[in-house]
Amino acid sequence: MEERRQDSARQAALDYHEFPRPGKLEIRATKPMANGRDLARAYSPGVAEACLEIKADPATAARYTTKGNLVGVVTNGTAVLGLGNIGALASKPVMEGKAVLFKKFANIDCFDIELNEPDPHKLAEIVCALEPTFGAINLEDIKAPDCFIVEQICRERMNIPVFHDDQHGTAIVVGAAATNALRIAGKAFEDIRIVSTGGGAAGIACLDMLLKLGVKRENVWLCDIHGLVHQGREVDMNPQKAAYAQASDKRALADVIDGADLFLGLSGPGVLTPEMVGRMAPRPIIFALANPNPEIDPDAARAVAPDAIIATGRSDFPNQVNNVLCFPFIFRGALDVGATTINDEMKIACIEGIAALARATTAAEAATAYRGETLTFGPEYLIPKPFDPRLMGVVSSAVAQAAMETGVASRPLPDLTAYKQKLDDSVFRSGLIMRPVFEAAATVTRRIVFAEGEDERVLRAANAMLEETTDVPILIGRPDVIATRAERAGLPIRPEVDFEIVNPENDPRYRDYWETYHGLMARRGVSPDIARAIMRTNTTAIGAVMVHRGEADSLICGTFGQYSWHLQYVRQILGRDGCTPTGALSMIILEDGPLFIADTQCHNDPTPQQVMETVLGAARHVRRFGLPPRIALCSHSQFGNTDSYSGRKMREALALLDARQPDFMYDGEMHVDAALDPELRERIFPGSRLEGVANVLIFAGTDAASGVRNALKMRAGGLEVGPILMGMGNRAHIVTPSITTRGLLNMSVLAGTPVTHYG
């Protein structure tokens, strides 16, 4: 089974890189090229004007080209994480991945550059020659000590930031985690004794940073594969290691671990033993950062030292030391002020910003409302989660401020407060809005029943659930059909081994189910015979009965058939105890952020009261994604300019909302273009209560809502999450036949997050 899983995961990873087109990046035009006039401006003769401006003043390149937002990710592939010296070409998928993270987390454009050049001096020469193209350089996966040489030469010769993330990104996140760990332990940098394993680039950079934070060099004991780095040692030494050589006759990690306050591991699994942990100082701090297996398992360490403060490099343990907490945001701040370098003050500002976020009293993570908990500063929350949306505004603005204060900013910002607000507003344009929801779902285990369990998309989604979440899939279908289709699809999952199956043709609970259904529907014209027939043939009704009986927490149905057909059974069986479908909300993830559309399915011609309920439900769900609702009531009429049916309906709904005095922005009635264009809206209706771009569009009928939803999906390349069935307390969601495997996985994660009230 495990071998099948590994084969499946390997093939899935290869397919991800190959389809629907090879690689993870593309280049897209940002200006119109619709006619000859556009072409004349983009290229000859209009382009000459921009060229001449830059020749006269090189600083204007940031105004007229992409240079000010362009990072070069450069490697020679000599030290690719976990893979070693695989060469430049084989490292390209990693560099493309790094470029994608830059774009997704901080909207920074990247070119990945893989160079066949093992000589560090020649490599540095090539990188230096790239300065006219980029606003900054991110060196990546270059072996030590060559990386030190390359970075030093480039920093000395180039007038743009050069940052080796393997070194400094790791050092910054370690610095932030150490700052907070020491605060909890009641210790100070200047007093602690550190034992470190791993003399590579990251390990040395972490130690250098800890010295800048106050650690005394004589209190640092560095070990590598050859033992203690000591004075007089000649094996595998370089100037960076030699700086930490101790005048000692001790030679092994076990010889120097006694009384250590902080163990810093960037080496390999099993290096630190429980016996060694027992000899560390009281309240030891253990950073076991080797991937995928840390230097010591956290549970093994706590068995010896229950009060230990532990961080790892893994996402399935608390306190993941992940460079993504740092590098997108330090580059964002550096680029936005035109920094000529990334200096120590900027790095320390980054450390302080990350550390302060974890200590903040409220966590503004997306999906907090789904999770039902607040992450609290303490031994298991030293640093923020990688998807904390506050990182962009706090860290990038702190870096920008440090750059300006130290005189390395060529384009100082006039207003840091406004800059931070702009960054905060841009956070959810990344398309990563679902990741915090995945993290929220991981805090609980819920049982998700899929009505159409024989569908290959459902099988693939169930497989992904088992790999990525803690939720339990339940599939309704014939076991032999499910097994055959799973095997044909190359999936490792097997019925009744990896997930539960409900077989409509032969299930021991059949009598319980039809009697339950009959009990609910007896006074609605359903006889025992009809109930028996439905519990043999109607998988949506079966799934709904399971949720009603408490055998599943949420139902997902609708991969085939009409939405309204599924909805009637959800209403019949689950529309009780305060649950009633108020509307279907679709989130369309676009390049510039998510846009919510409602009601796309439930009420063909909703009343003003139903429109109001849809607005209130949409606001609740938008907040669960960590977004402030900005809701536009859309119609053919625009602020009363047409006495249309849809306009009158929206005006009545607006009056009902006004009477409720909700605590979010909304306005109407208006056209879609006015909702999405604040300048147009201000010209038409100055002083609208809606500010900025609307992120929720509410329509007067399903025809309009579904039409906009489908147009955004098919022509604007939007990824749909939904439809989310509002008003059902997350007990059921009805998807549409066009849903993909990825869409089903997203819906399962939403269904896997408990809610505290009906929404």
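- The number of heavy-atom neighbours closer than 6.0 Å to CZ of Arg183, taken from other residues, nucleotides and ligands shown, is 12 or below.
- At a threshold of 4.0 Å, the pair Lys67-Asp109 does not count as salt-bridged, since none of the basic side-chain nitrogens sits closer than that to a carboxylate oxygen.
- Under the 3.5 Å distance criterion, the side-chain polar atoms of Asn319 are matched with a main-chain donor or acceptor of Ile310.
- In this structure, the side chain of Asn322 does not engage the main chain of Leu325 through any donor-acceptor pair within 3.5 Å.
- Phe111 is not listed as a side-chain neighbour of Val74, based on a closest heavy-atom distance of 4.5 Å or more.
- For the pair Gln240 and Pro145, the tightest heavy-atom approach, listed with the atom from each and the gap, is OE1-CB, 4.1 Å.
- Using cut-offs of 30° and 60° on the angle between ring planes, the pair His168 and Phe163 is tilted.
- Residues Gly393 and Leu423 come closest through the heavy atom pair CA-CB, 4.0 Å.
- Counting heavy atoms from C-beta outward, Pro161 and Thr341 have side chains that stay 4.5 Å or more apart.
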| Criterion side-chain hydrogen bond (donor to acceptor under 3.5 Å, both in side chains) on Arg314 and Asn291, from CA distance to verdict | CA-CA 7 Å; Arg314 291 176 52 148; Asn291 258 323; 5.4 Å; no

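- Between Glu125 and Arg157 there is a salt bridge, since at least one side-chain N of the basic residue sits less than 4.0 Å from a carboxylate O of the acidic one.
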| request: List the steps, then state whether side chain to side chain contact (heavy atoms under 4.5 Å, CB included) holds for Phe331 with Asp336. | output: CA-CA 8 Å; Phe331 273 93; Asp336 288 342; over 6 Å; no

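- To the nearest 0.5 Å, atoms CG (Asp258) and CG (Asp255) are separated by 8.5 Å.
- A donor-acceptor pair under 3.5 Å links the side-chain atoms of Arg251 to the main chain of Ser248, judged by distance alone.
- In this structure the side chain of Leu182 reaches within 4.5 angstrom of the side chain of Phe189, judged on heavy atoms.
- Ile126 has its side chain out of reach of Lys122: every pair of non-hydrogen atoms, C-beta onward, lies at least 4.5 Å apart.
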| field | Residues Asp424, Lys420; criterion salt bridge (charged side-chain N to carboxylate O under 4.0 Å, His left out); working and verdict | value | CA-CA 6 Å; Asp424 289 337; Lys420 181 179 180 300; 3.0 Å; yes

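- In this structure a side-chain-to-backbone donor-acceptor pair under 3.5 Å is missing from Arg332 to Ser396.
- The local environment of CG in Leu89 is sparse, with at most 12 non-hydrogen atoms from other residues, nucleotides or ligands closer than 6.0 Å.
- A donor-acceptor contact shorter than 3.5 Å links the side chain of Asn323 to the backbone of Asp165.
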| query | Step by step, would you call Ile172 with Cys326 a side chain to side chain contact (heavy atoms under 4.5 Å, CB included)? | reply | CA-CA 7 Å; Ile172 286 168; Cys326 162; 3.5 Å; yes

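- Of the possible donor and acceptor atoms, none in the side chain of Glu114 sits under 3.5 Å from a partner among the backbone N and O of Asn76.
- Heavy-atom contacts from other residues, nucleotides or ligands closer than 6.0 Å to CD1 of Ile225 number 12 or fewer.
- Atom-to-atom distance recorded for Asp261:CG and Arg193:CZ is 8.5 Å, nearest 0.5 angstrom.
- Of the possible polar contacts, one joining the Thr78 side chain to the Lys143 backbone as a donor-acceptor pair under 3.5 Å is found.
- Under 4.0 Å is where a charged nitrogen must lie from a carboxylate oxygen, and between Lys241 and Asp236 at least one such pair does.
- Here the SG-CZ distance, from Cys128 to Arg155, works out to 12.5 Å after rounding to the nearest 0.5 Å.
- Closest approach of Ile204 to Gly199, counting heavy atoms only: CG1-O, 3.7 Å.
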| said: Is there a side chain to side chain contact (heavy atoms under 4.5 Å, CB included) between Met209 and Ile351? Walk through the geometry before answering. | reply: CA-CA 10 Å; Met209 180 55 71; Ile351 288 173; 3.5 Å; yes

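- In the model, His164 has a side-chain atom that pairs as donor or acceptor with a side-chain atom of Asp166 under 3.5 Å.
- Residues Trp221 and Ile194 are not in side-chain contact: their nearest non-hydrogen atoms beyond the backbone lie 4.5 Å or more apart.
- At least one donor-acceptor pair under 3.5 Å links the side chain of Glu295 to the backbone N or O of Ala290.
- For the pair Val394 and Ser397, the tightest heavy-atom approach, listed with the atom from each and the gap, is O-OG, 3.2 Å.
- Using a 4.5 Å heavy-atom threshold, the side chains of Leu262 and Leu210 count as touching.
- Of the N and O atoms on the side chains of Asn107 and Lys103, at least one donor lies less than 3.5 Å from an acceptor on the other residue.
- Note that CG of Asn219 and CD of Gln246 are 8.5 Å apart. Values are rounded to the nearest 0.5 Å.
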| said: Does Thr406 form a side-chain hydrogen bond (donor to acceptor under 3.5 Å, both in side chains) with Asn343? I'd like the steps, not just the answer. | reply: CA-CA 9 Å; Thr406 56; Asn343 56 31; 3.0 Å; yes

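- Contact check for Cys206 versus Leu264: side-chain heavy atoms found under the 4.5 Å cut-off.
- Counting only heavy atoms from C-beta outward, the side chains of Ile137 and Val127 approach each other to under 4.5 Å.
- Atom-to-atom distance recorded for Cys223:SG and Leu253:CG is 5.0 Å, nearest 0.5 angstrom.
- In this structure, Glu234 places its CD atom where only 12 or fewer heavy-atom neighbours from other residues, nucleotides or ligands lie under 6.0 Å away.
- Stacking of Lys98 on the aromatic ring of Phe327 is recorded, both the 6.0 Å distance cut-off and the 45° axial limit being met.
- The line from CG of Leu101 to SG of Cys110 is 9.5 Å long, rounded to the nearest 0.5 Å.
- At least one donor-acceptor pair under 3.5 Å links the side chain of Asn180 to the backbone N or O of Leu382.
- Applying side-chain contact (heavy atoms from CB on, under 4.5 Å) to Phe287 and the options Thr312, Val174, Leu266 leaves one that passes, Val174.
- Looking at every heavy atom in both residues, Leu222 comes nearest to Leu228 through O-CD1, 3.4 Å.
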| request: Applying side chain to side chain contact (heavy atoms under 4.5 Å, CB included), run through Thr133 and Leu70 and close with a yes or a no. | output: CA-CA 8 Å; Thr133 300; Leu70 189 60; 4.1 Å; yes

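- A donor-acceptor pair under 3.5 Å is formed between the side chain of Glu96 and the backbone N or O of Lys24.
- Pro379 and Ile309 get closest at one heavy-atom pair: O-CG2, 4.1 Å.
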